[in-house]
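In this chain, residues are counted from 1 in sequence order.
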Amino acid sequence: RKLEESIDSVLNNGVIDSLAKETGFLKRIRKITPKMFLETLMFKVFSADKQSLNDHCLSLLFNNAVSIRKQSFDSRFSDEATEFVKRLVENQIQSITSIDNTFSIKGFNKVCIQDSTRFGLPDAFENEFKSFGGRSSKAGMQIQFSYDLLRHKIHTIDIDSASVNDRSYAVNNDWIEKDDLVIRDLGYFSMDGFKQIQEKDSFFLSRAYPRTALFEKHSGKLIRLDLDALIRKMETNNIELIEKNIYCGLDQKMPMRAIIQRLPPELKEKRLRQKRRRAAENKSKSAMSKDYALWAGINVYLTNTSSKDLPAKQAKDIYSTRWQIELVFKTWKSFYQIDKFKTYKINRMKCYIYTSLLLALIHWQVFGFLQKVVFQQYELLLSLHKYVKYMLHLKTDWIQIIRSRKDALIGLIKKTVPLIDQYLIKEKKKNKNSIYSLLKDENTYFRVGERESSALSSIPTPNIKKT
């Protein structure tokens, strides 16, 4: 019921009409209500690159008995329409209540991950959305995304030009709370960002940029960490992982902990081949530096956590779960097709992207609920890939949910639960950690709370074989 109430709080007719008036999208009574407009954009009949204005008009005719010319429908894609659907996305993010404290890591409030995805747009949008350069289109968009790995609470979704560097978002930390653990990749490497997180009494876990200046203290003096000697020592003694208290940055010399992981020779060689290939593609004549060749054989993780709160192996394992956000981006592009729209009208493009994200976020909210229940009861994981494809099959059910039909969401969940074992369980992949799979490792520092036996009290128990 809480899940149903949360979704209805964003999509019921009263809220949508009120928001449409507030944004100026609804100024007088029209044949097309704001809910109809939203519905026809969210549940397109054809793929994103094939859907036409004529198709939207036919959807309105068949689903809502409303006849309208395509020119009139096209005029609805205005600045006000864009603001309307954007605000709906923001409201949906706020409505996604985090899955309680069932899963957590001792010493941390949340485990948050941040990353971005980029894609090209028609060249006509170059002035508003500049591309990331290279041989791609002149226009491009990026979506910045951050969420709580364990509880599925979304913190930020920001749309920007693809040309904007991730590092500029490393210093945008208003969403971070006390005792959060924030995981970011190399693109967000920023000493100012680390400092901001620390000042909020929070924690960061990041890979170090190759050739980052690292220092250690000897006899009261800071000297450059000799990585070459350290790696030779690790090779001689067959050490995979070692940690050191260091100072980072040529100027800041910020104290933190470095966790150095020695990589297998084949992975080092793969990195070197990729570097040589990129140099050839860019027609670079500069030789590969000795420092880069050295860094190619290691991963260096930087964190302000203590080894007691987050031991080295657990830090490495938790960082390795970053790939999960790539699965989110893959579903956005492959199934919600946010990168496939081919319109040349900027507001129509924005409305398409925002409504696709809105549907993705609603599906995400139900995914979080089902994942919690399945893991608590069976210690199994749902496949996000399979789940999204499954939900897109249920377009008729979701239309009823969007139309605020009573018990429509409960009906969908009752339909889904018996099918989980056969169609939605994630297959285990070699060398792929998930944050939930780490919960089952008795050597990790996770805390699992009480099971909610009433979570599916009104729903048939799934026939799931625990493996």
Side-chain angles (χ1 to χ4, degrees), residues 111-116 146 165-171 173 176 180-199 202-218 222-235 239-264 267-272 274-275 278 288-307 309-323 325-326 433:
V111 180
C112 306
I113 188 167
Q114 182 175 17
D115 208 341
S116 65
S146 62
N165 197 295
D166 285 340
R167 197 171 298 178
S168 65
Y169 282 88
V171 292
N173 297 312
I176 297 174
D180 283 355
L181 175 63
V182 181
I183 304 173
R184 288 167 169 162
D185 74 355
L186 289 174
Y188 295 85
F189 190 90
S190 164
M191 297 302 298
D192 290 336
F194 295 151
K195 185 178 179 182
Q196 283 186 12
I197 293 173
Q198 185 153 297
E199 287 174 346
S202 299
F203 305 94
F204 57 82
L205 176 60
S206 171
R207 282 263 307 280
Y209 221 83
R211 294 177 288 183
T212 297
L214 305 176
F215 299 86
E216 58 181 342
K217 186 173 288 188
H218 284 286
L222 294 181
I223 63 171
R224 196 73 175 253
L225 178 64
D226 190 343
L227 277 175
D228 194 7
L230 182 62
I231 293 170
R232 287 199 304 270
K233 175 183 176 182
M234 294 175 74
E235 290 172 342
I239 299 172
E240 179 193 353
L241 208 62
I242 198 168
E243 60 180 302
K244 282 183 168 292
N245 293 322
I246 55 94
Y247 296 80
C248 183
L250 279 174
D251 300 319
Q252 297 92 335
K253 294 188 174 57
M254 183 176 174
M256 58 183 74
R257 185 164 54 111
I259 300 166
I260 299 98
Q261 176 190 16
R262 181 171 59 90
L263 301 178
L267 184 52
K268 176 180 179 179
E269 184 54 36
K270 180 181 178 181
R271 287 183 173 181
L272 294 175
Q274 290 173 340
K275 176 70 172 179
R278 287 194 297 268
M288 187 183 302
S289 69
K290 181 181 177 181
D291 278 347
Y292 186 88
L294 184 72
W295 280 78
I298 57 174
N299 283 335
V300 178
Y301 306 96
L302 299 177
T303 181
N304 62 333
T305 63
S306 69
S307 56
D309 288 335
L310 195 64
K313 184 181 182 302
Q314 276 71 60
K316 174 184 73 69
D317 288 344
I318 290 173
Y319 188 89
S320 72
T321 64
R322 273 196 63 262
W323 65 273
I325 200 169
E326 297 297 337
N433 286 330

K253 atom NZ: more than 12 heavy-atom contacts under 6.0 Å | yes
Does Y209 OH have over 12 foreign heavy atoms under 6.0 Å away?
-> no
Relative to the ring of F194, is the ring of F189 parallel (under 30°), tilted (30 to 60°) or perpendicular (over 60°)?
-> perpendicular
Measure the shortest side-chain to side-chain distance between [X] and [Y] over non-hydrogen atoms and say whether it is less than 4.5 angstrom.
{"X": "Q261", "Y": "E240", "value": "yes"}
{"X": "I260", "Y": "E243", "value": "no"}
{"X": "I298", "Y": "L230", "value": "no"}
{"X": "Y319", "Y": "D185", "value": "yes"}
{"X": "E326", "Y": "D115", "value": "yes"}
{"X": "S190", "Y": "V171", "value": "yes"}
{"X": "L302", "Y": "M254", "value": "no"}
{"X": "N299", "Y": "K316", "value": "no"}

Kindly give the heavy-atom pair with the smallest separation between [X] and [Y], and that separation in Å.
{"X": "F215", "Y": "G249", "value": "CE1-O, 3.6 Å"}
{"X": "R167", "Y": "N165", "value": "N-OD1, 2.8 Å"}
{"X": "A258", "Y": "I246", "value": "CB-CG1, 3.6 Å"}
{"X": "I176", "Y": "S202", "value": "CG2-OG, 3.6 Å"}
{"X": "A293", "Y": "K268", "value": "O-CE, 3.2 Å"}
{"X": "I259", "Y": "A315", "value": "CD1-CB, 3.6 Å"}

Taking it one step at a time, do L205 and T305 satisfy side-chain contact (heavy atoms from CB on, under 4.5 Å)?
-> CA-CA 8 Å; L205 176 60; T305 63; over 6 Å; no
For the [atom1] atom of [X] and the [atom2] atom of [Y], what is their distance to the nearest 0.5 Å?
{"X": "I318", "Y": "L181", "atom1": "CD1", "atom2": "CG", "value": "6.5 Å"}
{"X": "Y301", "Y": "R207", "atom1": "OH", "atom2": "CZ", "value": "6.5 Å"}
{"X": "L272", "Y": "L267", "atom1": "CG", "atom2": "CG", "value": "9.5 Å"}
{"X": "K195", "Y": "N304", "atom1": "NZ", "atom2": "CG", "value": "14.0 Å"}
{"X": "T303", "Y": "R257", "atom1": "OG1", "atom2": "CZ", "value": "5.5 Å"}
{"X": "L225", "Y": "T212", "atom1": "CG", "atom2": "OG1", "value": "11.5 Å"}

Is it true that a side-chain atom of R262 and a backbone atom of I239 form a donor plus acceptor pair closer than 3.5 Å?
-> yes
Can you name the side chain to side chain contact (heavy atoms under 4.5 Å, CB included) partners of D291, sequence neighbours left out?
-> R211, S289
With side-chain contact (heavy atoms from CB on, under 4.5 Å) as the test, would you mind laying out the steps for D166 and R184 before giving the verdict?
-> CA-CA 10 Å; D166 285 340; R184 288 167 169 162; over 6 Å; no
For E235, enumerate each residue passing the salt bridge (Lys or Arg N to Asp or Glu O under 4.0 Å) test, keeping only those at least two apart in sequence or located in another chain.
-> none
